[in-house]
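Please read the structure below before turning to the comments.
Predicted model, so just to flag it, every value in this text is computed and none were measured.
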Amino acid sequence: MKNRDILWYLHPAEKWIEALPLGNGRIGAMVYGGCLSERIQIDESTFWSGEPSSENNRPGTKELIGQIREVLLKKDYEKADCLGRNLTGNKNNYGTNMPVGELKLCIPEDGRKEADYRRSLDIRTGIANTEFTISHNLFTREVFVSGPHQIVMLQFFSREKEKFQIKIRYDGIGNNTRITGEEDGDYVISGDAREDLHSDGKCGVHLNGRIRVLTDGITRYDQGCIVIDQAAAIELRIGLATNMFLDDPDAIVKEQLNAVQGQSYDELKQIHIRDVQERYDRMDIRLENGKEAGVLPTDERIARAAAGDSDPDLYALMFQYGRYLLIASSREDAPLPTHMGGIWNDNIYNRIDCTQDMHIDMNIQMQYWLAGACNLTEAYWPLFHWIKQTLVPSGKKTAGEAYGASGWTAHVTANPWGFTSLGWSYNWGVFSFGGAWTAALLWDYYEFTKDRAFLRDFAYPILEGAAQFVVDYLFFDEETGCYMTGPSYSPENQFSKDGKNYFLSLSTTCDIVLVREILEIVKKASLELVPADLRRSALEAADLTLVERIDHILPRLLPYQIGKKGQLQEWMEDFEEPIPNHRHTSHLLGLYPFHQIDTEAEPHLKKAAQKTLELRYDNFEITSWGMAMLIGYYARMKDGEQAWKMLNDTVNRLVKPNLASVMSDETSMWCGTWELDGNTGITAGIGEMLLQSYDDRVLVLPALPADWRQGHLKGSRIRGGHTAELEWEEGKLKSFKILGACTDKKRICYGEKEVEVRLQAGVWAIL
């Protein structure tokens, strides 16, 4: 079979990480594709343990921060370490997103063997299909999760209409979810999100669900099991909801099922397909090298590419797969943004110290980096609503109680219950700019849409609050003549001084990058709004005061520094690194995803970044998102061969048969869990290799590797809201054009060539 948008296999999934993902932004399904026995894990994004708490910030934190600053200014890292052990937040009933349950379908075996097996996922339609033959009788099972109708649809039938008996269960995974009985023709599901590692085992949401069965057979209920006799075809319509945001989730589920009562499976399927394709088809990518990739199952292609075979089209599939996963996990009407695993839960993170939640010291940001450039700006909205409704109100409390500052902030971990405090572990929890980093995505959205009403009414108050915290949090150091941050970490990393390892220091490079970024964003946003819009005088005066403070601070931040090994320094001092291969490379954020380092104008910083990566990648502490960062760094440095090498190494070491890019392997502390940002980060990185835009510049094919000799990229967004298309042959640009979204001008750069193009709304500019 040859279809660029299909993952397919000749055997069922044996493990969760081999199953195929479906989703509608709220409900996620992992389809194993069994034959007579099938498993489909069906989860719901609001199925969380835990509860809100007003006591996450510890009393005395702001005084402790002041004491630690004093000893850090004296470079007494030992005393800072002793004091810092108490610099944590209260976990309380933080909770975790939990898997809900497995739908199990079983036909009694009669000794006959299956043949002609095939399972697949069409990422252009969001449909998983399983087919197999028993005694010349073809069985077909099809599953999709509808966004427009918010239900799971499953159809299973015998083409020759051979009658069968099938038993159906829905069993909770580490919880009490199950089918509890029959009501009004539906089979009722009930369950509770309870666990005792991240909460007290007594708090969490309640889930309701219903399974509606349509069949030509005879249906009965038997002690938690649906039994269907004498059927040649069955159709299941499944709804799930919790009481996180709903007063009566069971009534909502019943209403959702009733709303489609008069529509056939095929009608609902076509509505679903149109909904997915409207988003998916905005972009198209081809990566080729003149060789026929061959008609191979996806797992074989991955194995061959990992072994060194050239398969550019596999990387094109991975690019679109990242887009598909964001379409499936973050839709404009989704109740929550993606968590570490998107909306899919492999039951790993919620059973270890690292919860299945919204990590905001890298992961959630990377999950959304592709949204603007890959023409999926509506995917941002669950994140934006969560920032406004949850992160900001709680973050204001944390800013005041923990720092004595105005504005709002958040740290490393966050959840739907409003946790914004310092982390509960000293080893990773002291990072004050998770909120500012997350808020920067609002500016990304504006740059890719130029929606001034959004900037003025929605984004600016959030950005302003993030900047207000920053300017209050900074302190001026007379000795250096610079505004300083801290106490803080370079995320999750440590340094060595006098033979001993420490975490806390002042003005890490990551801190300064994020401070500079959020202050520059607010300054630019203010300039965008003030000249064109009449704002209320009080707001304008407050904004003017803030911008004046920003103008005073920006030139007084520490500059980038180069260490004795020629590397870009991670800390203010040129410390030794006890973990030189550490997974985090946050001191390079100014290179990617931000545009603070201009590799052409500042070649010394480019050289230092290259040295940093050379040192860091030796026995790299490999993670999915960490590798995606390396792809982005090399793309920004216009090194297509190294970016391609990082891609190939990722496939070799981290990509599983279902194309999921995982966190290391099963022997690591992360137990080989799947993190969505690994895949979305790959997509963002490939996009950067082919097309970059910032300010008024557009870089065409800045990091094209030799293996991708020909191809095209269509439907990519560039900053300004414009849409670009490019095509190349034999490694050389063949055509490039931009569809203007508004009156604008851009400098188009390709190799050593540069040309200025004036754009008009609705008009193609063709080069």
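Arg26 and Glu44 are joined by a salt bridge, as a carboxylate oxygen and a charged side-chain nitrogen come within less than 4.0 angstrom of each other. Taking the charged nitrogens against the carboxylate oxygens, Lys523 and Asp551 do have a contact shorter than 4.0 Å, which makes a salt bridge. In summary, Lys638 and Glu600 engage in a salt bridge, as defined by a charged side-chain N under 4.0 Å from a carboxylate O. The pair Lys746-Glu756 fails the salt-bridge criterion, with no side-chain N (NZ, NE, NH1 or NH2) lying under 4.0 Å from an Asp/Glu carboxylate O.
Using a 3.5 Å distance cut-off with no hydrogens or angles, the side chains of Tyr446 and Glu528 do pair a donor with an acceptor. No hydrogens or angles considered: a donor-acceptor pair under 3.5 Å links the side chains of Ser406 and Asp472. In this structure, a donor-acceptor pair under 3.5 Å is absent between the side chains of Asn24 and Arg331. A side-chain donor from one of Asp357 and His359 sits under 3.5 Å from a side-chain acceptor of the other. A donor and an acceptor atom, one from each side chain of Glu55 and Ser53, are nowhere located under 3.5 Å apart. Between the side chains of Tyr560 and His587, no donor-acceptor pair of N or O atoms lies under 3.5 Å. Side-chain polar atoms of Thr599 and Arg636 form no donor-acceptor pair below 3.5 angstrom. In the model, Asp677 has no side-chain atom that pairs as donor or acceptor with a side-chain atom of Trp369 under 3.5 Å. Between the side chains of Thr46 and Thr242, at least one donor-acceptor pair of N or O atoms lies under 3.5 Å. Checked by atom type, the side-chain pair Glu401/Asn57 shows a donor-acceptor distance below 3.5 Å. Residues Tyr403 and Ser432 bring a donor and an acceptor atom of their side chains to less than 3.5 Å of each other. With no hydrogens or angles considered, no side-chain donor-acceptor pair links Ser586 and Ser490 at under 3.5 Å. Using modelled atom types, one finds a donor on one side chain and an acceptor on the other under 3.5 Å when comparing Asp744 with His722.
In this structure, the side chains of Met244 and Pro416 come closer than 4.5 Å at one or more pairs of heavy atoms. The shortest side-chain heavy-atom distance between Thr355 and Tyr349 does not fall under the 4.5 Å cut-off. Inter-residue side-chain proximity for Glu754 and Ile748 is flagged as unmet; no heavy-atom pair is nearer than 4.5 Å. Here the side chains of Leu691 and Leu699 are not in contact, with every heavy-atom distance at 4.5 Å or above. Side-chain atoms of Leu442 and Phe458, non-hydrogen and from C-beta on, do get closer than 4.5 Å to each other. A 4.5 Å side-chain heavy-atom check between Leu726 and Lys714 finds every atom pair outside the cut-off. In this structure the side chain of Thr438 reaches within 4.5 angstrom of the side chain of Leu383, judged on heavy atoms. Looking at Ser716 and Cys374, their side chains never come closer than 4.5 Å, going by heavy atoms from C-beta outward.
Closest approach of Ala410 and Ile360 over heavy atoms only: CB-CD1, 3.6 Å. The minimum heavy-atom distance linking Gly423 with Trp428 is given by the pair CA-CZ3, 3.6 Å. Here the closest heavy-atom approach between residue Gly25 and residue Ile343 is recorded as O-CG2, 3.8 Å.
Remark: Arg719 is not positioned above the aromatic ring of Tyr445, lacking an NZ or CZ atom under 6.0 angstrom from the ring centre and at most 45 degrees off the axis. A cation-pi contact links Arg323 to Tyr280, judged by a cut-off of 6.0 Å to the six-membered ring centre and 45° from its axis. A cation-pi arrangement, defined by a distance under 6.0 Å to the six-membered ring centre and an angle within 45 degrees of its axis, is present between Arg69 and Tyr473. In this structure, Lys396 is not positioned above the aromatic face of Trp408 in the sense of NZ or CZ being under 6.0 Å from the six-membered ring centre and within 45° of the axis.
Classification of the Phe431-Phe433 ring pair by plane angle, with boundaries at 30° and 60°, yields perpendicular.
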Pair Leu554-Leu557, side-chain contact (heavy atoms from CB on, under 4.5 Å): steps then yes or no: CA-CA 6 Å; Leu554 281 172; Leu557 293 173; 4.1 Å; yes
Test side-chain hydrogen bond (donor to acceptor under 3.5 Å, both in side chains) applied to Ser330 and Thr338, step by step: CA-CA 6 Å; Ser330 189; Thr338 62; 5.7 Å; no
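In this structure, Arg274 has no salt bridge (Lys or Arg N to Asp or Glu O under 4.0 Å) partners at least two apart in sequence or on a different chain.
Checking Thr508, Asn493, Thr509 one by one against Glu570, the side chain to side chain donor-acceptor pair (under 3.5 Å) holds for a single residue, Asn493.
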Would you mind writing out the side-chain donor-acceptor pairs for residues 623-634 within the sub-3.5 Å range, not counting sequence neighbours?
residue, atom, partner, partner atom, Å
Thr623, OG1, Gly626, N, 3.0
Tyr633, OH, Thr585, O, 2.8
Tyr633, OH, Thr585, OG1, 2.7

